[in-house]
Asker: 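Can you keep this structure in mind? I'll have questions shortly.
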Amino acid sequence: MARVDVWEQTLSGRKRFKHGQDSYGLAAETAGQCGAFVNDDDDEAVCDDDRSCYNCRYRRWTADSFECLKP
Amino acid sequence: MNILVCIDDTDNIESRGTGSLASELADALQNNGWGHCRPVTRHQMLLHPDIPYTSHNSSMCFTAEIRPEFMDAFTGFAQSYLQQESAAGSDPGLCIVDRDRLMDPDTLMAFGRKAKTTVLFKVDAYQLAERLSVHLSEHGGTGLGVIGALAGCGLRLTGNDGRFRGKFQVGEIGEQLTVADLMQKTGVDVVKNLEGDILQDDAPVYIGKNVKAVLQDGRSTLLVFPEPRDEAGEICWQTCTKQQLRGY
């Protein structure tokens, strides 16, 4: 089960992934439990996992992590 | 004429990506008999709160040899195409560089590198484009995509930035090919390890889940890493994972 604390809220009200850009296992686990996951273009995929928040169309990269843009 | 064509910021979160549009532009150039294109590369720029990118702030670039009499037709086509095909809310930019007439390539490359570390502004891009006499145009929204479009041309010109769009279908995962086979099946220019050593033609390489090329020293390059599978102690190689290629 993905931990419940993978997200934190940003000042602008978005969901920010708390575990940075290299937590591949956690990103895959989180996407596995997400009903909104949609694969982004393959050119923007950054890991080999079939399902990962890191490869999701709704993730927006930031300098040190990403935000989930799915409402 | 040898040209660089780069587009940026043509998408929104729900639309198809900028890479798809770049590939269609390249296809149109070829299908109209205007010239011949090389594959599209993706170039990553700075991720910063002051930059209003959609989700990854990357631009897509290709090079082409185009017959001079078709240059105006292609430029017009590319402009109309971006206007029509870019997604709602996007800020598309188009840059076309005539490499044969580019007097100061170093400055263009420096602009590309700077876009990876610094927040740049539209005025910076337009001033440089004017000084270098390269085509730079915006086609909707704020037009901020001109920054990435110009920077992408500079980065492609360095010959040492970006991943090639798409991936190769060269067999089953775990299948072993020689470097020579791999080069023949993919059309890449060279196979290297992560330290930059070129592998011999007969070196064995295991096929990974995703086989993608990067741009290094101006050549399409397939990167591999050592994989300890051979009981005889020989070095075996495997094509790099997407994780390993994400920094390119």
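These numbers come from a predicted model, not from an experiment. Convention: sequence-line order gives letters A, B, ...; per-chain numbering from 1.
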Asker: With the side chain counted from C-beta on, respond yes when A:Asp50 and B:Lys209 share a heavy-atom pair under 4.5 Å apart, and no when they do not.
Answerer: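 A:Asp50 vs B:Lys209: side chains touch.
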
Asker: Answer with side chain, backbone, both or neither: which region of B:Thr54 has an atom nearer than 4.5 Å to a non-hydrogen atom of chain A?
Answerer: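 Only the backbone of B:Thr54 comes within 4.5 Å of chain A.
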
Asker: Supply the atom-to-atom distance A:Asp48 CG to B:Leu245 CG, rounded to the nearest 0.5 angstrom.
Answerer: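 Between atom CG of A:Asp48 and atom CG of B:Leu245 there are 8.5 Å.
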
Asker: What residue in A:Asp41, A:Asp22, A:Asp42 has the most heavy-atom pairs under 4.5 Å with chain B?
Answerer: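 The candidate making the most pairs under 4.5 Å is A:Asp42.
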
Asker: How close do A:Trp61 and B:Leu47 get, counting heavy atoms only, and between which atoms?
Answerer: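 So the minimum-distance heavy-atom pair works out to CB-CD1, 3.7 Å.
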
Asker: Counting only heavy atoms not in B:Arg38 (residues, nucleotides, ligands), do more than 12 fall under 6.0 Å from its CZ?
Answerer: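 No, CZ of B:Arg38 has 12 or fewer neighbouring heavy atoms, counting only those of other groups under 6.0 Å.
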
Asker: For a side chain to side chain contact (heavy atoms under 4.5 Å, CB included) with A:Val46, tell me which candidate from B:Lys242, B:Arg246, B:His56, B:Gln243 qualifies.
Answerer: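 The residue from B:Lys242, B:Arg246, B:His56, B:Gln243 that satisfies side chain to side chain contact (heavy atoms under 4.5 Å, CB included) with A:Val46 turns out to be B:Arg246.
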
Asker: Please flag which part of B:Ser58 lies under 4.5 Å from any non-hydrogen atom of chain A: side chain, backbone, both or neither.
Answerer: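 Just the side chain, heavy atoms under 4.5 Å.
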
Asker: With respect to chain A, which residue among B:Lys212, B:Met60, B:His48, B:Lys167 yields the maximal number of heavy-atom pairs within a distance under 4.5 Å?
Answerer: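 Result: the option with the highest number of such pairs is B:Lys167.
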
Asker: Non-hydrogen atoms of chain B under 4.5 Å away: do they reach the side chain of A:Asn55, the backbone, both or neither?
Answerer: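 A:Asn55 has no heavy atom closer than 4.5 Å to chain B.
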
Asker: Please classify the contact of B:Ile51 with chain A as side chain, backbone, both or neither, using a heavy-atom distance under 4.5 Å.
Answerer: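 Contact with chain A involves the backbone of B:Ile51 alone.
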
Asker: Tell me, for A:Gln21 versus chain B, whether the close heavy atoms (under 4.5 Å) come from the side chain, the backbone, both or neither.
Answerer: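 It is both, since atoms from each part get that close.
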
Asker: Quick check on B:Ser15 against chain A: is it the side chain, the backbone, both or neither that has a heavy atom closer than 4.5 Å?
Answerer: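 Just its backbone gets close to chain A.
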
Asker: Would A:Arg57 and B:Glu14 count as a salt bridge (Lys or Arg N to Asp or Glu O under 4.0 Å) here? Give the steps.
Answerer: CA-CA 8 Å; A:Arg57 172 181 286 257; B:Glu14 302 283 356; 5.0 Å; no

Asker: Drop me the distance from B:Thr241's OG1 to A:Asp49's CG, to the nearest 0.5 angstrom.
Answerer: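 B:Thr241 OG1 to A:Asp49 CG: 10.0 Å, rounded to 0.5 Å.
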
Asker: Assess whether atom NZ of B:Lys114 is packed by more than 12 heavy atoms of other residues, nucleotides or ligands within 6.0 Å.
Answerer: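 No - once you tally the heavy atoms of other residues, nucleotides and ligands closer than 6.0 Å, there are 12 at most.
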
Asker: Among residues 159-166 of chain B, which ones touch chain A with a heavy-atom distance under 4.5 Å?
Answerer: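 Only B:Arg163, B:Arg165, B:Gly166 of residues 159-166 of chain B have a heavy atom under 4.5 Å from chain A.
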
Asker: Which bit of A:Tyr24 is near chain B, if near means a heavy-atom gap under 4.5 Å: side chain, backbone, both or neither?
Answerer: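 It is the side chain, since no backbone atom gets that close.
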
Asker: I need the B:Ser20 OG to A:Asp43 CG distance, nearest 0.5 Å.
Answerer: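 So the OG of B:Ser20 and the CG of A:Asp43 are separated by 9.0 Å.
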
